[in-house]
Each structure stands twice: as structure tokens, then as C-alpha cells.
A.B. asks: 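Structure in C-alpha cells, see below.
The chains referred to below are lettered A, B, ... by the order of the sequence lines, with proteins before strands, and numbering in each begins at 1.
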Amino acid sequence: MSIVKHLQEAVVDTLSKLYNNTFTEKDFQINQTKTEFEGDYTVVLFSLVKSLKQSPDSIGNELGEGLIKNHPHLFTSFNIIKGFLNVTISDVYWISLLKRNYHDICFGKQAMNGKKVMVEYSSPNTNKPLHLGHLRNNFLGWSVAEILKANGYEVIKSCIVNDRGIHICKSMIAWQLFANGATPVSTNTKGDHFVGEYYVKFNDEYKKQIKELMDQGASEADAEKNAPIMLQTQQMLQDWEAGKPEVIQLWKEMNGWVYAGFDVTYKSIGSDFDKTYYESNTYLLGKDIVQAGLDKNVFYKKEDGSVWIDLTADGLDEKLVLRKDGTSVYITQDIGLAQQKYDQYKIDQSIYVIGDEQNYHMKVLKLIAQKLGLPYADHIYHLSYGMVELPTGKMKSREGTVVDADDLVKEMIDTARHHTEALGKVKDFDADELDALYRTIGLGAMKFYLLRVDPKKKMIFNPEDSIDFHGFTGPFVQYTYARIKSILRKQSLNNQEAVSDALLPLEKELMVVLEQFPSAIESAAAELNPSAIANYVFLLAKTFNSLYTEHSIANAETAEKRALRLQLSSMTANVLESGMQLLGINVPERM
RNA sequence: GGUCCGGUAGCUCAGCUGGAUAGAGCAUCAGCCUUCUAAGCUGAGGGUCAUUGGUUCGAAUCCAAUCCGGAUCACCA
């Protein structure tokens, strides 16, 4: 149980005894005491003033004395300043907490709770390579999965690959027109980049044709509709749906190139999935659900045969769920896929990591599921994240400002190499060890940079800041870990006399932060917010570094102090490692 | 226009279930390596928490209005 919970219970209990009434933890507030005052945690008394008809100071005195009398092992002293009751937690409490947990690499994690969650993330299109936005998505999805696991959930990571549709046909047509049979192998190009080039070529040609048609007097709308390359693409989509062998053959081949490329990228950033869905397999799902919805009068059919749902009563619009020709739309297959996920895994919760431009769509999806009375409807959760923008504005492929994932990874690893070489601390590493280290640091910096911001908010990716390895960054935390490990390699951490007379302020401060790790994991899971972990881990590293510079660990004043600080160091290293692991970031033993 | 999200230091962000003098990092300036890794530490300057009004003992935090920015409202996915 956390110290805050202990304190809440103690206050409730003491208030009840003192004032012969029932209280709950909602009747008062507990905060961490500000550093300028004496004490560890603070009970805010104002809310009690009215019901108890006493001044804050008098309540504080009675409560403070009661707390110490009833819980002498927990609290040692108190003071009251302007209506705030500052309570000091006993060193005995902190030291016994330390003793129980300093060697526990699972500190803060919950036992399995028997619940299953699916986290869907990444969800790439197979017509172009992954970019910076995908990286935010991937890191978020991975981290949220780890955070949920730490809270006792069984997690299934899934990915839906957008492998069909008009956009895929665009790359295919362009390849037919312009490639002369070139392949990734013949051009020595990574498969996803190779295909992406043809997607770009399509758009260039398309624009050219539109301009030609307009020069001949066509309206813009007509030109867009009648450009030969667009007509060819639409024909190809129909051929694909009809299963025309040579189209299917080309589609499979080009998708194969892209998958090979994605595999490399996923491997390099450490992403993987337990289950991959392909839209080419799922796009017909959901039609039977539409029929069931018609039977239940949740949906209605217009004269032309198209099927709709009226969501105007819920503040949304009328939405199409089936075209007049009977083919399904985006939302139809999403309902179908949601059903399939539930049928296959009997999941208790389904989390979708999708950008906030789809807030409306996900709202509609959930609402439709609810209206259909589907059992998983209430457990659909859209983890909506904001766009990643550049200091110059949005990324635009047209202007060539899209930050490619592979390029960025490479750049980060290169930067890590430069920094490491300049510092020259690991000259004895062999080539493999160095590669692994550069990768750990480079990826650590990148993941931390993208995860440290609240997912809901759009964020600015500043290339210069992102390769900074100082301050609020991944390498800062990694460095702190490596420093501790360096000490622990040289010092034996035998399980003895860690008792100390009194914790020094910096020792206590570190202990207080360490104690908050379980709460940090819990609230990160409740909010599905990895940035809470990033902030926590940074605070912990910073607090440790202060202690480290101020007090010697290996050469402490006494043997007891030495044991205490070694245990604090060990626990800090464990928590840093666990916390970073929740972000999908590795920590190096040396750097 | 409707709906949703955001606006906090020069920049990037915390803080938002109301609490004490609004916090970090970067950048700027001044210090600290003969001792456990200086990718570190200590300190300084830097704020009309978009604006206005309301609720209250107390508002960056809650409510309302306004201004600014973004997303979305496709028989695209």
C-alpha cells in the first residue's frame, strides 16, 4: 500500500475517533509537502473547517497529535502552517520499505488480474514507408501495452495493415507505367521506399494530366475525375475486387516488397505484434452485422438500397454503413473487425491507438456498437494522439518535409555514436558492443522524446532538440543508470545493517520518489499515458544525481550509511530500468 | 456553420479530481572534475497561466462568454 493510502486511512481513522463521526478520504486532500516546509506529506484542512466548526489550526493540532499517538511507527512529527498540516513520515518506515524492495526488480508491478486487453497500433498503409507520425504511434502502442502488463493485464498487441484500396492501386499503376520492370533488388532500394517512390510518381503524373486537361478547357473537377491515370487506377481496383489474376499477382508482389521493408523498420525500432490483421481479409466483415442492425431497426435502408444510421440525436450526423451496391465502407469493416477481435480473444478491453483526426470516426464506431447492443461496445477505447509537427509547420509529402522513420533512426544512432566517441568512455568495447550501445542510446533518445509529451496533445518535433542528450532526455536517464551500475559492479551489496540514525534530506527525498513508482504505474495505466512514466523516471534520475554529487556512496561516512546508500542506488537502478522498459527503452550497463 | 481538442517563461513541455511564493528541460549568465562515469551538479535572470466575467476562504485548475490555432463533419481509408 502506498504511503498516501496509509496516510489517508490514518487520517480517516483518527478523525472518526476524534470527532465521533464518519469521514472518507474525500473529505480532505493530501499533497506532497512543498520543499520549503518541513514534512513529507501535507493534509489540507480547509475542507474540514465547515463541518467541524473549528479553526484549521485547532483541527490540525488535534489531528496531528492523534496521528502520532495512533500510528507512532508511521509518523514522527507535524507542524501546521496557515491551514496546512505537514506530517513527517518516520525514517523507520522508509528504511523498512527500502530493505524489503531494493533488490526487487518487479517493484511496482501488479500480479496478473485475469483481464485481457488488445492494443491495436501502428496500422500502416502499404503504399509508402513509415514516417515520424508512425513512430509516435508505434512507441505509444508499445508503451501502453507494457504499462498495462505491469498493471496485471494480459495484453495482445495487434496491427491492422491497410493493404487494399485505391491508394494501393495508385502505386501499382505507376509501377506498371514507369518502372520498366525495376524491383527493390534491381535498384538496391528498401522495399517500402521503393513502392513509396511510385506512389509519388503517380501523384506527379496525375497532377500533370489534370493540368493538361484543364489547359484544354476542362473544369478542375472534371479533370480530376477524367485523368487517364485515375481512370486506370479505378479500373484496377475493380479488377482487384474481381480477383483478376495478374492484378492480384502484382498486388502480392508489391505488398511483399513493402512488408520486407517494414520488417526491417519494425525490427530496428523494436516493435512487434501478436496478431496482424490484413484489411484485404477483413474488408468484407461486418456486412452480416449490418443485416442484424437492419432487423433491429438500428439501421435503415434508403430507396436506392444504401444503408444508414441516424446519429443526429447524439449530436452526430447520418452515417452510411453500406453502399447502394452492397459494398462496405470504412466503418462497416471496423465493426466487423471489432467483432472478430472479440470473438477470437474474448477481450475485456479494446484499445485503438489512432491519430486524433479520427476522433469522429471512432466515436461513431463506438456509438454504433452500443446501439447494436454488442457486448464489447463499452470497452472500445480510442487512444487518440495528436499530430507530430515540425517547427516549420505540418509535414507535407508534397514539400518533401516528411521525416522518414528509417532516416531518423539512422540519424539518432549516428548522433549517439558521435557523442559516445567524443566522450571516449567505452574504448574497450568491441564492435558489436559499440553497435548495441549506439542503438540503445539513439533509440532511447528518440523514444523518450516522442513519449515525454502527453499523447493527446499535438507535439512539435524539433530536430535540434531531439538529438540533444542532456536534460529531460532518454540518455540522461540511461546515464544515471550506467553510473549506478558502475558503482554496484565495484561494491558488494551484502544484505546487512542498512539501518541508519537519520535519513539525510537528499536520502529521504530519493526514498520518497522511489516510493511513488507503483502509483506512477497505476496512474499511467488509468490514463493510458506513457508521458507520466517519462516524467517520473526523469524526476527519479534527477533526484538520484543530486544525492550522488552531494554524498559519496562507496565511501560513505559509516558502514551503515554505505549500506543504506548502496541499497538506495540499487533500488533506483531497478526502478529506472523498469520504468524505461515501460517506455520500450533499454538501459546500458556502461555508456 | 456544428462538434471536439488545444493556448502556461524566448523555445519545448509539466502542473488541471480547486490549496502554500506557478515548475522542469533547452537557450542565456555565473560557479563546480586530484576522490563512486561532468551525457552530471549548484545558482541567477526570465510569467498579465490567451482575454473578460462568475463560483469560493482560496482558481493556471471549475463554469460562461470572447479571441487565436488545429482536427473533423466523404457512397476515401
A.B. asks: Can you figure out which of B:G25, B:A14, B:C75 approaches the side chain of A:Asn535 most closely?
C.D. replies: B:A14
A.B. asks: Any donor-acceptor pair under 3.5 Å joining the side chain of A:Thr42 to the base of B:A20?
C.D. replies: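 Present.
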A.B. asks: If you compare every side-chain N and O of A:Lys458 against the phosphate oxygens of B:G7 (OP1, OP2), does one of them come in below 4.0 Å?
C.D. replies: no
A.B. asks: Would the A:Trp240 and A:Tyr283 ring centres measure less than 6.0 Å apart?
C.D. replies: yes
A.B. asks: Taking only the side-chain nitrogens and oxygens of A:Lys34, find out if one of them lies under 4.0 Å from OP1 or OP2 of B:A20.
C.D. replies: yes
A.B. asks: When you measure only distances, ignoring hydrogens and angles, does the side chain of A:Thr420 come within 3.5 Å of the base of B:A39 through a donor and an acceptor?
C.D. replies: yes
A.B. asks: Does a side-chain N or O from A:Ser486 land closer than 4.0 Å to OP1 or OP2 of B:U37, or not?
C.D. replies: yes
A.B. asks: B:A39 phosphate, OP1 or OP2: any side-chain N/O from A:Arg417 under 4.0 angstrom?
C.D. replies: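 So the side-chain polar atoms of A:Arg417 never come under 4.0 Å of the phosphate oxygens OP1 or OP2 of B:A39.
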A.B. asks: Would you say B:A14 has OP1 or OP2 under 4.0 Å from some side-chain N or O of A:Lys457?
C.D. replies: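 The answer is yes; a side-chain N or O of A:Lys457 sits under 4.0 Å from OP1 or OP2.
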A.B. asks: Tell me what A:Asp163 touches on the nucleic acid: a base, only sugar-phosphate, or nothing, going by heavy atoms under 4.0 Å.
C.D. replies: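 Here A:Asp163 touches no strand at all.
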A.B. asks: Any side-chain N or O of A:Ser546 less than 4.0 Å from the OP1 or OP2 oxygen of B:U42?
C.D. replies: yes
A.B. asks: Report the distance from atom CZ of A:Phe46 to atom P of B:G58, rounded to the nearest whole Å.
C.D. replies: 11 Å
A.B. asks: If you look at every strand shown and take non-hydrogen atoms under 4.0 Å, does A:Phe472 touch a base, only sugar-phosphate, or nothing?
C.D. replies: sugar-phosphate
A.B. asks: With rounding to the closest Å, how many angstrom separate the P atoms on B:G47 and B:G23?
C.D. replies: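 The answer is 14 Å between these two P atoms.
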A.B. asks: When you measure from the side chain of A:Lys324, which nucleotide among B:C75, B:U72, B:G69 comes out closest?
C.D. replies: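 My answer, after comparing the listed nucleotides, is B:C75.
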A.B. asks: Taking the minimum atom-to-atom distance to the side chain of A:Phe84, which one of B:A20, B:A38, B:C4 wins?
C.D. replies: B:A20
A.B. asks: B:C41 phosphate, OP1 or OP2: any side-chain N/O from A:Asn545 under 4.0 angstrom?
C.D. replies: yes
A.B. asks: What about A:Asp465: does its side chain form a donor-acceptor pair under 3.5 Å with the base of B:C11?
C.D. replies: no
A.B. asks: Between B:C5 and B:U17, how many Å separate the two P atoms, rounded to a whole number?
C.D. replies: 15 Å
A.B. asks: Taking only side-chain nitrogens and oxygens of A:Lys82, does any of them come within less than 4.0 Å of OP1 or OP2 of B:U21?
C.D. replies: yes
A.B. asks: Using atom P in both nucleotides, what's the gap between B:A22 and B:A44 to the nearest angstrom?
C.D. replies: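 It comes out at 15 Å once rounded to the nearest Å.
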A.B. asks: For a quick test of reading the model: is some side-chain N or O of A:Arg489 closer than 4.0 Å to OP1 or OP2 of B:C36?
C.D. replies: no
A.B. asks: Taking only side-chain N and O atoms of A:His470, does any of them lie within less than 4.0 angstrom of OP1 or OP2 on B:G40?
C.D. replies: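 Indeed, a polar side-chain atom of A:His470 lies that close.
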A.B. asks: Determine the Euclidean distance between corresponding P atoms of B:A64 and B:U28; express it in Å to zero decimal places.
C.D. replies: 44 Å
